[in-house]
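Shown next, in structure tokens, is the structure this report addresses.
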Amino acid sequence: MRTDMRKNSKSSWPKVIARKWLNIPSGAEEFQSDYAVNGETGGRRKSCCDQDYHSIVPENFSEGWLTETAGGIKPSKSMPEPPPVTDSLNPRMFVGTWNVGGKSPHEGLNIRDWLSSPAPADIYVLGFQEIVPLNAGNVLGAEDNGPAAKWLSLIREALNSDQSDKELARCYSGATEESSPSSLQLEQQASLKPRTSFTDLLSMEDELGEEDFERLLNLNTNSSEEGSPSPTYMSGSPARQRFCLAASKQMVGLFLCVWVRTDLYKHISNLKVSCVGCGIMGYLGNKGSVSISMTLHQKTFCFVCTHLTSGEKEGDEIRRNSDVAEILKRTKFSRSFRDLRQPFHPENILDHDKVIWLGDLNYRLAPGCVDTHELLKKNNWQVLLEKDQLRIEQRAGRVFSGWEEGRIYFAPTYKYLADSDDYVVQTSNSKEKRRIPAWCDRILWKGEGLKQVWYSRGECRFSDHRPVYSLFSVHINLANKLIPTAISCPPRFSSKSALSSACGAKVQAEELLVIPGHKAT
């Protein structure tokens, strides 16, 4: 028996390698999610993740709202959603990127510094590079999703801990303006008072969601009572889960996940993923992109997490430009049969209403830069940024034409010594490769209705890169739009790991069921 298992294990390796070398898709459209992704008609085959599946049905819905079939959970009909009360929405979106240097996160790693922002977000888009070492085994062999599970667990804990409730109060302390502050104003905010006046609380009621407003009101009331304990919520309780995983996808070392507030899940639809390998032979996944497409209130969003060609030799920036062009060209989001009944859904990146591009873009400082070490000591970023290859190539129209990036007021994010605040170039006796510090990790965007209000970096010493994050205010116009309900089951939770508890959603042609009464031709 063991001999047969070894033979099967060995024989599977050539198949995996052949598929990767020949660029044959293998589960490229599968992704992890807390939600069961169903069409408005038909059902979905049960996957290995459905063994402990259960659904939560609102009490005010009739018993016929959901029917269980052998193929999973199938909605009997669409439930129309009441028209929106307001003409527009302005959710906040946190976008973060981090090259973690091939290291798996250890237990207790604090990522709250990276995930903190001057105002609470409704959507978190988090991209990672090198979550596994980029060696031959990981590039050519089967995917190692162990580190991804650890990152998801850490993120879920950080976003849903009671600490985030306290940060919510601090974020809105002293806030009296309805409009979002500018990036420069936010940078100048050194500290905020923990106490908010009752008048300010009332002015925030319209801006905050009902759940956040009640929690902020409770925290503010308790803080005024000396000795009264602050409220604590169990992060594992479904009733208190503030953020849930909408979708996550891995390709070798690239990993992208999107988290949304629990009250937003019913407005999200058309979740799709696409992977493009630009590494060895121009196709393998040691470099490339992972993209997630989704629709929120009939506005289409695309998040592109990338790891471009490395190197600081002359001409390497041209290869990075080529990677961007290949990703834009080869990223495709498949259209299923049920999509034909819905409004237009984009098939490529630039067809979306709003696009966020994040990752380790690997653009360095152009050769011939003045004394880098002295400029670093003086925190003179602007002189260094004049030699930034991304800005040079973008101004010349050779890459990211029409895209936007916020002003940079933070130090270069690469390359640091391990567990240190010193750059490699600053230490002459270092065994590390001597790399000129650069802003490798970037966030760009394209599309109307995206306003960046914060662009900064974290200071975690976990890898040789520093994490970068940005906060966006997203304007969504709801006026004169009929917003269909995305039929999906409420998120489910368990004490298992994030990946094992997630429902594997597969959106492929062979899984689509023919609508009853439709005759095949």
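Throughout, numbering of the chain's residues begins at 1 and tracks the sequence. Because only heavy atoms are used, hydrogens play no part in the values below, and waters and symmetry mates are left out as well, while side chains stay in.
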Under 3.5 Å, side chain of Thr331 to main-chain N/O of Ile327, donor-acceptor pair present?
yes
Could you check whether any side-chain heavy atom of Asp360 comes within less than 4.5 Å of a side-chain heavy atom of Thr413, counting everything from C-beta outward?
no
As a quick check of understanding, evaluate side chain to side chain contact (heavy atoms under 4.5 Å, CB included) for Ile292 and Phe31, giving each step before the final call.
CA-CA 9 Å; Ile292 293 178; Phe31 60 91; over 6 Å; no
Quick one: closest heavy-atom pair of Lys354 and Gly449, and the distance?
NZ-CA, 3.7 Å
Is it true that a side-chain atom of Asn160 and a backbone atom of Phe243 form a donor plus acceptor pair closer than 3.5 Å?
yes
salt_bridge(Arg395, Glu393) N-O dist < 4.0 Å:
no
Tell me whether Lys272 contacts the main-chain N or O of Ser334 through its side chain, where contact means a donor paired with an acceptor under 3.5 Å.
yes
Any donor-acceptor pair under 3.5 Å linking the side chain of Arg330 with the backbone of Gly277?
yes
Spell out, as yes or no, whether a donor-acceptor pair under 3.5 Å connects the side chain of Lys249 to the backbone of Glu30.
yes
State, to 0.1 Å, how close Thr306 and Leu254 come at their nearest heavy-atom pair, and which atoms those are.
C-CD2, 3.8 Å
What are the two closest non-hydrogen atoms of Gly127 and Cys305, and how far apart are they?
CA-SG, 3.7 Å
Trp445 ring center within less than 6.0 Å of Phe472 ring center:
yes
Can you tell if the side chain of Lys451 reaches within under 4.5 Å of the side chain of His475, non-hydrogen atoms only?
no
Heavy-atom pair of closest approach, residues Thr97 and Gly359
OG1-CA, 3.1 Å
Should the pair Trp114 and Phe128 be assigned to parallel (<30°), tilted (30 to 60°) or perpendicular (>60°) ring geometry?
perpendicular
Just checking, any donor-acceptor pair under 3.5 angstrom between side chains of Glu130 and Asn99?
yes
Could you check Arg442, Gln452, Arg391, Gln394 and say which one makes a side chain to side chain donor-acceptor pair (under 3.5 Å) with Glu405?
Arg442
What I want to find out is whether Asp353 reaches Lys446 closely enough, with some N-O distance under 4.0 Å, to be called a salt bridge.
no
If you apply the rule side chain to side chain contact (heavy atoms under 4.5 Å, CB included), what do you find for Tyr124 with Cys257, and how did you get there?
CA-CA 8 Å; Tyr124 281 80; Cys257 55; over 6 Å; no
Rounded at 0.5 Å granularity, tell me how far CD in Gln129 sits from SG in Cys440.
10.5 Å
Output yes when a side-chain donor or acceptor of Ser470 lies under 3.5 Å from a complementary backbone atom of Trp454, and no otherwise.
yes
Under 6.0 Å between the ring centres of Tyr469 and Tyr455?
no
Considering all heavy atoms, the nearest Val399-Leu390 contact:
CG1-CD1, 4.3 Å
Is the backbone N or O of Asp113 less than 3.5 Å from a side-chain atom of Ser116, with the two atoms forming a donor-acceptor pair by type?
yes
Output for pair (Leu126 CG, Phe255 CZ), nearest 0.5 Å, gives 9.0 Å
Side-chain contact test, heavy atoms from C-beta onward, threshold under 4.5 Å: evaluate it for Ile356 versus Val304 and give yes or no.
no
Does the pair Ser293 and His352 meet the rule for a side-chain hydrogen bond (donor to acceptor under 3.5 Å, both in side chains), with working shown?
CA-CA 8 Å; Ser293 170; His352 290 76; 2.7 Å; yes
Say whether, by atom type as modelled, one donor and one acceptor occur between the side chain of Asn270 and the main chain of Thr295 under 3.5 angstrom.
no
Can you find a heavy atom in the side chain of Val468 that is under 4.5 Å from one in the side chain of Trp98?
no
Taking atom CG of Asn90 and atom CD1 of Ile476, what is their separation to the nearest 0.5 Å?
8.0 Å
Take Leu154 and Ile111, measure what side chain to side chain contact (heavy atoms under 4.5 Å, CB included) needs, and give me the verdict at the end.
CA-CA 8 Å; Leu154 281 173; Ile111 61 173; 4.1 Å; yes
When you compare the side chain of Trp357 with that of Phe303, does any pair of heavy atoms fall below 4.5 Å?
no
Can we say Arg261 and Asp122 salt-bridge, meaning some charged N sits less than 4.0 Å from an Asp/Glu carboxylate O?
yes
Got a salt bridge between Lys332 and Glu347, using NZ or NE/NH1/NH2 to carboxylate O under 4.0 Å?
no
Rounded to the nearest 0.5 Å, what separates atom CG in Leu89 from atom CG in Asn477?
9.5 Å
Nearest 0.5 angstrom please: Ile349 CD1 to Cys302 SG, how far?
5.0 Å
Is there a side-chain hydrogen bond (donor to acceptor under 3.5 Å, both in side chains) between Ser117 and Arg92? Walk through the geometry before answering.
CA-CA 11 Å; Ser117 64; Arg92 293 188 181 92; over 6 Å; no
Could you grab the distance from atom NZ of Lys287 to atom CE of Met251, nearest 0.5 Å is fine?
10.0 Å
Heavy-atom closest pair (Cys278 atom, Glu326 atom, distance to 0.1 Å) is SG-CB, 4.1 Å
Please examine the side chains of Asn362 and Asp323, heavy atoms only from C-beta on, and report whether any two atoms are closer than 4.5 Å.
no
Report yes if the side chains of Leu296 and Ile123 come closer than 4.5 Å at any heavy-atom pair, otherwise no.
yes
Any side-chain heavy-atom pair from Leu471 and Pro118 closer than 4.5 angstrom?
yes
Check against side chain to side chain contact (heavy atoms under 4.5 Å, CB included), Leu361 and Asp441
CA-CA 6 Å; Leu361 277 57; Asp441 310 278; over 6 Å; no
Any side-chain to backbone donor/acceptor pair from His267 onto Leu264? Under 3.5 Å, distance only.
no
